[in-house]
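Letters go in sequence order (proteins before strands), and every chain restarts at 1. Keep in mind that this is a model prediction, so the values were computed, not measured. Note that these values count all heavy atoms, side chains included, but never hydrogens, waters or copies made by symmetry.
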Number of protein chains: 2
Amino acid sequence: MSVEDAVGRLRDLVGLRRRVHGTAAEVAADALRELIMEGGLRPGDRVVEESLLGPLEVSRNTLREAFRLLAHEKLVEHKVNRGVFVRALTADDVRDLFTVRVLIELTALRRSREADWTAMSQAVAKGKACAKAHDWLGVGTANMRFHKAIVASVGSARLDELMGQLTAELRLGFHEMGDPRAFHEKYLTRNAGIVDAVSGGDVEGAVGLLHEYLDDAKTEMLAAFSSDR
Amino acid sequence: MSVEDAVGRLRDLVGLRRRVHGTAAEVAADALRELIMEGGLRPGDRVVEESLLGPLEVSRNTLREAFRLLAHEKLVEHKVNRGVFVRALTADDVRDLFTVRVLIELTALRRSREADWTAMSQAVAKGKACAKAHDWLGVGTANMRFHKAIVASVGSARLDELMGQLTAELRLGFHEMGDPRAFHEKYLTRNAGIVDAVSGGDVEGAVGLLHEYLDDAKTEMLAAFSSDR
DNA sequence: GGTTAGCAGATCGTTCAACAATCCTACGGT
DNA sequence: ACCGTAGGATTGTTGAACGATCTGCTAACC
């Protein structure tokens with residue numbers, strides 16, 4: 001996406017939400033977050049304050065508040081006196097991300113009940129629909145939703161928030177990887193397998209599958225990240 | 001602590017760090033955070049912008065950036081057009097906090113190794129020293145450090161950050177409870193028992209002790225929170 | 001030739017003053 | 001007692017200004 005396209009997209013996003021959501025800073029942050037998630041701003045890109053003042057239709061102070069919001073979500077990095085950069089994951093980040101996922105998701109899956117399994121299988125269905133439409137980023141999003149559904153089994157607001165944070169960071173990594181189809185598609189059937197196992201009563205079998213899943217995904221992402229840094 | 005005392009304390013905190021730490025907003029946030037932790041601002045208190053402009057020696061915009069920082073740490077609550085309030089935990093918050101702690105700490109303790117045990121026992125020693133000096137809030141801080149040490153066993157930056165967040169929120173709750181000695185002192189020996197068990201090779205015994213510990217602490221805090229709301 | 005000092009230019013950090021938007025309270029009508 | 005409405009207080013947002021800091025370039029120096 002060119003810089004001009006990104007500016008135009010921002011205008012749309014801002015206009016859409018200006019009076020629906022809360023403060024101007026939140027609206028601006030929402031627009032920027034969406035733009036980053038869509039890939040309009042790529043990891044490592046520098047985001048100059050002045051260049052966004054016009055498109056977002058906010059003042060500099062407000063824009064800086066928006067940056068603070070995104071910085072705390074770890075979507076951008078705020079370097080003092082040097083500006084704001086779209087976050088670029090390191091290999092260490094990827095390792096850490098998966099360490100936390102393993103710890104949380106395995107325990108959560110053990111606690112899951114029937115209502116959780118339906119939420120999980122709905123996410124799988126959504127992913128299959130996206131695959132049929134060749135929407136590979138959609139498949140990735142559906143996969144994330146599947147894992148969020150696992151964590152939701154615990155029923156903790158803070159854990160849900162943490163998982164949202166982790167998936168947002170992982171999505172940043174997706175943009176830096178090559179063929180999205182090759183990366184996302186194969187995990188669809190593995191998700192389905194996990195649902196089958198756990199709803200069939202084989203909880204520990206499902207946990208094992210999930211653990212293998214996470215290890216494989218981690219290895220695959222690490223391969224993409226360790227090669228070029 | 002009177003309002004005048006709080007203002008004076010803020011001046012000290014600001015002067016101390018003005019040129020040590022980074023931006024003015026961070027310095028202001030640090031000072032406010034410390035003031036809240038010390039109990040100078042109590043949960044539920046409203047924090048009026050104008051009243052802090054002088055003591056903190058920052059402009060309104062910078063102060064508002066500091067508020068954003070604290071809001072993301074969940075130490076204060078930002079209500080649009082109504083101001084900033086020191087966070088007051090609800091019973092649901094306490095339940096959620098302990099749900100997350102149980103999930104994370106039990107798993108972390110299972111993964112702990114000898115180096116982690118020494119860190120844990122150091123925290124216990126620190127707590128005993130505070131108890132001897134009748135510094136009961138210090139005992140509470142040492143207890144939190146003990147649990148942070150458990151989580152640190154995993155070696156995940158994000159998990160450490162999460163645990164820091166959780167302990168900060170819990171400390172907010174401490175201020176709303178009655179006798180700090182009655183609440184903190186008895187957990188000291190239980191922490192020591194956990195260290196003994198795990199370093200003695202009885203990992204699952206230690207995990208059991210930790211689980212009981214967390215359940216008891218949760219019950220005790222809930223009793224204080226459900227009574228008056 | 002390579003290294004370092006210093007000089008712009010660009011960008012960020014912070015302040016200030018002003019105005020608009022919103023909320024709270026107290027007053028008065030019913 | 002209830003309700004709507006002014007008025008004051010506080011927050012939300014803006015725009016311009018100035019100092020501080022980084023970056024890259026030039027030029028002097030070894």
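- The side chain to side chain contact (heavy atoms under 4.5 Å, CB included) search around T107(A) returns R111(A), L103(B), T107(B), not counting sequence neighbours.
- Here the side chain of R64(B) is nearest to one of dC24(C), dC16(C), dT13(D), namely dT13(D).
- For R82(B) against dG12(D), a side-chain-to-base donor-acceptor contact under 3.5 Å is absent.
- Proximity of T62(A) to the phosphate of dG12(D): no side-chain N or O atom is located under 4.0 Å from OP1 or OP2.
- Aromatic pair H147(A)/Y187(A): centroids not less than 6.0 angstrom apart.
- Here the nucleotide nearest the side chain of V80(B), chosen from dT14(C), dT14(D), dG12(D), is dG12(D).
- The side chain of H78(B) contributes an N or O atom lying less than 4.0 Å from OP1 or OP2 of dG12(D).
- Along DNA chain D, the nucleotide closest to L63(A) and the one closest to G83(B) are compared, and the more 5′ of them pairs with G83(B).
- The distance between atom CG of L53(B) and atom P of dT14(C), rounded to the nearest whole Å, is 14 Å.
- Residues satisfying the side chain to side chain contact (heavy atoms under 4.5 Å, CB included) test with D160(A), not counting sequence neighbours, are V151(A), A152(A).
- Rounding to whole angstrom units, CG of residue L52(A) and C1' of dC12(C) are separated by 14 Å.
- Of the candidates dG13(C), dG12(D), dT11(C), dG12(D) carries the atom nearest the E49(B) side chain, counting heavy atoms from C-beta on.
- At least one donor-acceptor pair under 3.5 Å links the side chain of Q165(B) to the backbone N or O of E73(B).
- Residue R60(B) has its side chain nearest to dT11(D) when only dT11(D), dT15(C), dC12(C) are considered.
- Checking dT10(D), dG12(D), dC12(C) against the side-chain heavy atoms of E50(B) singles out dT10(D) as nearest.
- If you find the closest nucleotide of DNA chain D to E65(A) and to N81(A), the one lying nearer the 5' end belongs to E65(A).
- Looking at which nucleotide of DNA chain C each of R46(B) and N61(B) is closest to, the 5′-most match is held by N61(B).
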